[in-house]
There are 2 protein chains.
Amino acid sequence: MTVQPSRDDRTIPPALPVFDRVAILGLGLIGGSVARAARKHVLANAIVGYDRDAGVGERVRQIGFVDRVADTARDAVSGADCVVLAIPVGACAPAIVEIADSLMPGAVLTDVGSVKGCVVRDVGPHVPPGVHFIPGHPIAGTEFSGPDAGFAELFDGRYCVLTPPGAADPAALARLTAFWEGVGSTVEVMSADHHDRVLAITSHLPHLIAYTIVGTAAELEEDIKQEVIRFSASGFRDFTRIAASDPVMWRDVFLNNKEATLEIIQRFTEDLTALQKAIRRGDGARLQDWFIKTRSIRRSIIEAKQA
Amino acid sequence: MTVQPSRDDRTIPPALPVFDRVAILGLGLIGGSVARAARKHVLANAIVGYDRDAGVGERVRQIGFVDRVADTARDAVSGADCVVLAIPVGACAPAIVEIADSLMPGAVLTDVGSVKGCVVRDVGPHVPPGVHFIPGHPIAGTEFSGPDAGFAELFDGRYCVLTPPGAADPAALARLTAFWEGVGSTVEVMSADHHDRVLAITSHLPHLIAYTIVGTAAELEEDIKQEVIRFSASGFRDFTRIAASDPVMWRDVFLNNKEATLEIIQRFTEDLTALQKAIRRGDGARLQDWFIKTRSIRRSIIEAKQA
């Protein structure tokens with residue numbers, strides 16, 4: 001299901017800098033990291049940023065990781081040959097409506113959202129003719145948020161998935177691919193639907209589970225809760241890191257990848273129920289078989305150099 | 001519920017080395033790390049090891065982290081003033097039956113199991129009079145197993161829980177405390193029942209959840225499974241690390257902490273069902289409120305310096 005850009009696209013890499021002016025809407029962890037990485041690798045002549053939170057814009061002016069913080073989204077994208085929506089997926093539709101008239105013909109429009117089907121559905125219809133819309137998802141992040149959280153190396157050695165529509169312009173796709181490869185990522189091209197099903201299991205379910213278990217702990221009696229924090233190193237701690245991720249971003253992920261997420265929750269629940277039953281019945285053989293099986297998945301990840 | 005050893009116990013630390021001869025039964029990750037740490041910090045004049053797997057014993061002779069690998073458990077414990085059971089909790093009852101007659105009067109007998117109630121129940125009745133039985137649980141580990149996996153620093157900066165019976169000898173408790181403090185741990189004393197309830201949420205449930213989700217992924221269609229491995233960095237990877245832990249050890253944990261684990265699975269399932277319903281109904285406010293709540297738990301862990 002995964003399609004690599006053809007060899008021909010890659011043998012003639014676009015000249016550097018890849019873009020003249022990159023506009024980034026949303027200056028949090030991901031937007032701030034895109035800006036820092038693009039500057040570090042000289043992938044644009046100028047980087048303009050905008051955040052609808054004026055306090056964030058002011059902070060970015062202090063940090064200085066963009067050349068200019070614009071006062072409006074329309075101003076930010078004017079004259080940009082690449083526009084990156086680095087905002088929660090639920091905010092993409094209002095954003096495209098706002099900026100559509102200001103987009104430059106020939107510009108590449110992309111995003112960084114964790115769900116792709118909804119972005120195609122909500123943003124696509126508003127993209128003016130002549131603007132090349134190629135949704136994207138860099139598989140990278142941390143549990144921290146905001147303009148101070150980003151760093152230039154966030155995408156280095158990580159995958160970036162692009163989900164171009166069938167009619168996407170090959171030159172635009174090649175430029176966006178060069179941009180992501182320029183920040184150190186490996187680009188994979190696939191359909192939005194396939195992306196959303198894969199990420200439902202690799203990312204959305206793990207985050208939901210982590211949020212659940214940490215919330216379960218938060219509702220324990222106070223004396224036990226203090227002990228849970230004290231002895232968190234025994235496994236719980238890893239979940240709390242995941243469950244500290246940005247609440248608005250994740251709210252939007254679950255609202256917008258509803259079907260794939262609910263389907264994988266259902267499978268997970270069936271498996272948990274089976275293990276619960278094995279514990280209740282004292283069925284050690286079943287537990288041990290299951291635990292041996294999961295070890296082999298870890299080995300595959302180590303072999304794939306993703307550990 | 002947690003009781004620190006009294007200040008008086010700590011103002012007169014036992015002289016080093018704490019023990020003359022430490023016998024370690026089970027030479028895997030934990031037993032091998034206890035041996036290496038005890039040697040590094042000169043906590044014993046001699047360290048004798050035994051493993052019922054002859055191949056493991058042979059490997060330990062090659063690595064050389066104990067002074068002697070005994071051929072039988074009885075031989076290993078003879079003359080030892082400290083005996084550490086570093087085996088799955090389900091193996092502790094047969095072990096004590098085997099070694100009981102060979103234990104030296106005055107010896108301290110302890111273990112490192114992740115469940116304490118079952119060890120008190122299964123081992124306690126077989127401990128000869130004059131032997132000081134003090135169950136223990138160092139809150140430390142990795143996803144690796146076997147004699148090559150251990151290292152001397154595993155317990156450094158980590159908690160070690162001791163669950164002495166009410167009639168435990170204070171001098172024996174002080175010596176065992178000094179031993180664990182000697183390898184860098186902070187010792188906490190509590191009841192076995194309290195330990196098992198706390199660990200059910202901090203450790204046993206997280207491991208079960210990780211085993212479940214990784215097993216769910218293992219049963220996906222082959223093409224999706226390959227993608228899951230490739231894109232595991234988006235959250236799934238953290239679970240696979242936990243789900244690579246020793247299968248026999250974890251089988252025994254769930255079989256032996258059944259009630260506390262089943263009770264916390266029940267709470268978790270109720271919470272997951274509520275979030276599932278919120279996703280199905282598109283209730284963004286409920287999701288966001290939950291995700292904000294879990295962030296505060298992470299902050300508490302960071303403040304407690306357990307992150």
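All values derive from a computational prediction rather than experimental measurement. Throughout, protein chains are lettered first and strands after them, A, B, ... in sequence-line order, and every chain is numbered starting at 1.
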Worksheet item: So which part of A:Ile201 gets closer than 4.5 Å to some heavy atom of chain B, the side chain, the backbone, both or neither?
Response: both
Item to complete: Measure the acute angle between the ring planes of B:Tyr211 and A:Phe291, then classify it against the limits of 30° and 60° as parallel, tilted or perpendicular.
Response: parallel
Worksheet item: Does the pair A:Val228 and B:Ile297 meet the rule for a side chain to side chain contact (heavy atoms under 4.5 Å, CB included), with working shown?
Response: CA-CA 10 Å; A:Val228 166; B:Ile297 290 271; over 6 Å; no
Worksheet item: B:Leu220, B:Val161, B:Val248: which one forms the most heavy-atom pairs within less than 4.5 Å of chain A?
Response: B:Leu220
Worksheet entry | Part of B:Ile279 lying under 4.5 Å from any heavy atom of chain A | both
Practice prompt. Just give me the residue among A:Ile242, A:Leu205, A:Thr294 that pairs up with chain B most often, heavy atom to heavy atom, under 4.5 Å.
Written response: A:Thr294
Discussion item. Once you measure the plane-to-plane angle for B:Trp250 and B:His207, does it fall in the parallel (<30°), tilted (30-60°) or perpendicular (>60°) bin?
Written reply: parallel
Worksheet item: Is A:Ile302 close to A:Arg298 at the side-chain level, that is, under 4.5 Å between some pair of heavy atoms?
Response: yes
Discussion item. I'd like to verify something: which residue of B:Gly90, B:Ala285, B:Ala278, B:Ser245 has the highest number of heavy-atom pairs under 4.5 Å with chain A?
Written reply: B:Ser245
Worksheet entry | Pairs involving residues 245-256 of chain B, ordered by first then second residue, that meet salt bridge (charged side-chain N to carboxylate O under 4.0 Å, His left out) (sequence neighbours left out) | none
Practice prompt. Pull out the residues in residues 143-150 of chain A that come under 4.5 Å of chain B, heavy atom to heavy atom, sorted by number.
Written response: A:Glu143, A:Ser145
Discussion item. Could you check whether B:Lys293 pairs with B:Asp289 (Lys NZ or Arg NE/NH1/NH2 to Asp/Glu carboxylate O, under 4.0 Å)?
Written reply: no
Fill in: Euclidean distance, B:Arg158 CZ relative to B:Glu153 CD, rounded to 0.5 Å
12.5 Å
Fill in: A:Phe268 portion near chain B, given a 4.5 angstrom heavy-atom threshold
both
Worksheet entry | Partner chain A: residue of B:Ile264, B:Leu275, B:Leu208, B:Ile209 with the largest heavy-atom pair count (under 4.5 Å) | B:Ile209
Worksheet item: Just by modelled atom types, is the A:Arg280 backbone N or O under 3.5 Å from a matching donor or acceptor in the B:Lys258 side chain?
Response: yes
Practice prompt. With sequence neighbours excluded, tell me which residues meet side chain to side chain contact (heavy atoms under 4.5 Å, CB included) with A:Ile292.
Written response: A:Gln288, B:Pro247
Worksheet item: What residue in B:Glu221, B:Glu270, B:His204, B:Arg281 has the most heavy-atom pairs under 4.5 Å with chain A?
Response: B:Glu221
Worksheet item: Which one, B:Asp283, B:Asn257, B:Ile213, B:Thr261, leads in non-hydrogen pairs under 4.5 Å with chain A?
Response: B:Ile213
Fill in: Carboxylate-amine/guanidinium contact A:Arg267 A:Glu263, below 4.0 Å
yes
Discussion item. Please identify, among B:Leu287, B:Leu255, B:Asn256, the residue contributing the most non-hydrogen atom pairs under 4.5 Å to chain A.
Written reply: B:Leu255
Discussion item. Less than 4.0 angstrom from a charged side-chain N to a carboxylate O is my criterion; do B:Arg230 and A:Glu188 meet it?
Written reply: yes
Item to complete: Output all residues satisfying salt bridge (charged side-chain N to carboxylate O under 4.0 Å, His left out) with B:Asp122, sequence neighbours left out; order by chain, then residue number.
Response: none
Worksheet item: For B:Arg299, is it the side chain, the backbone, both, or neither that has a heavy atom closer than 4.5 Å to a heavy atom of chain A?
Response: neither
Discussion item. At a 4.5 Å cut-off on heavy atoms, which part of B:Phe254 comes close to chain A: side chain, backbone, both, or neither?
Written reply: both
Worksheet item: Given a strict heavy-atom distance threshold of 4.5 Å, which part of B:Thr269 is in contact with chain A: side chain, backbone, both, or neither?
Response: side chain
Worksheet item: Measuring heavy-atom distances to chain A, does B:Leu199 have an atom under 4.5 Å in its side chain, in its backbone, in both, or in neither?
Response: side chain
Practice prompt. Could you tell me whether A:Asp193 and A:Lys116 make a salt bridge, using a distance below 4.0 angstrom between a side-chain N and a carboxylate O?
Written response: no
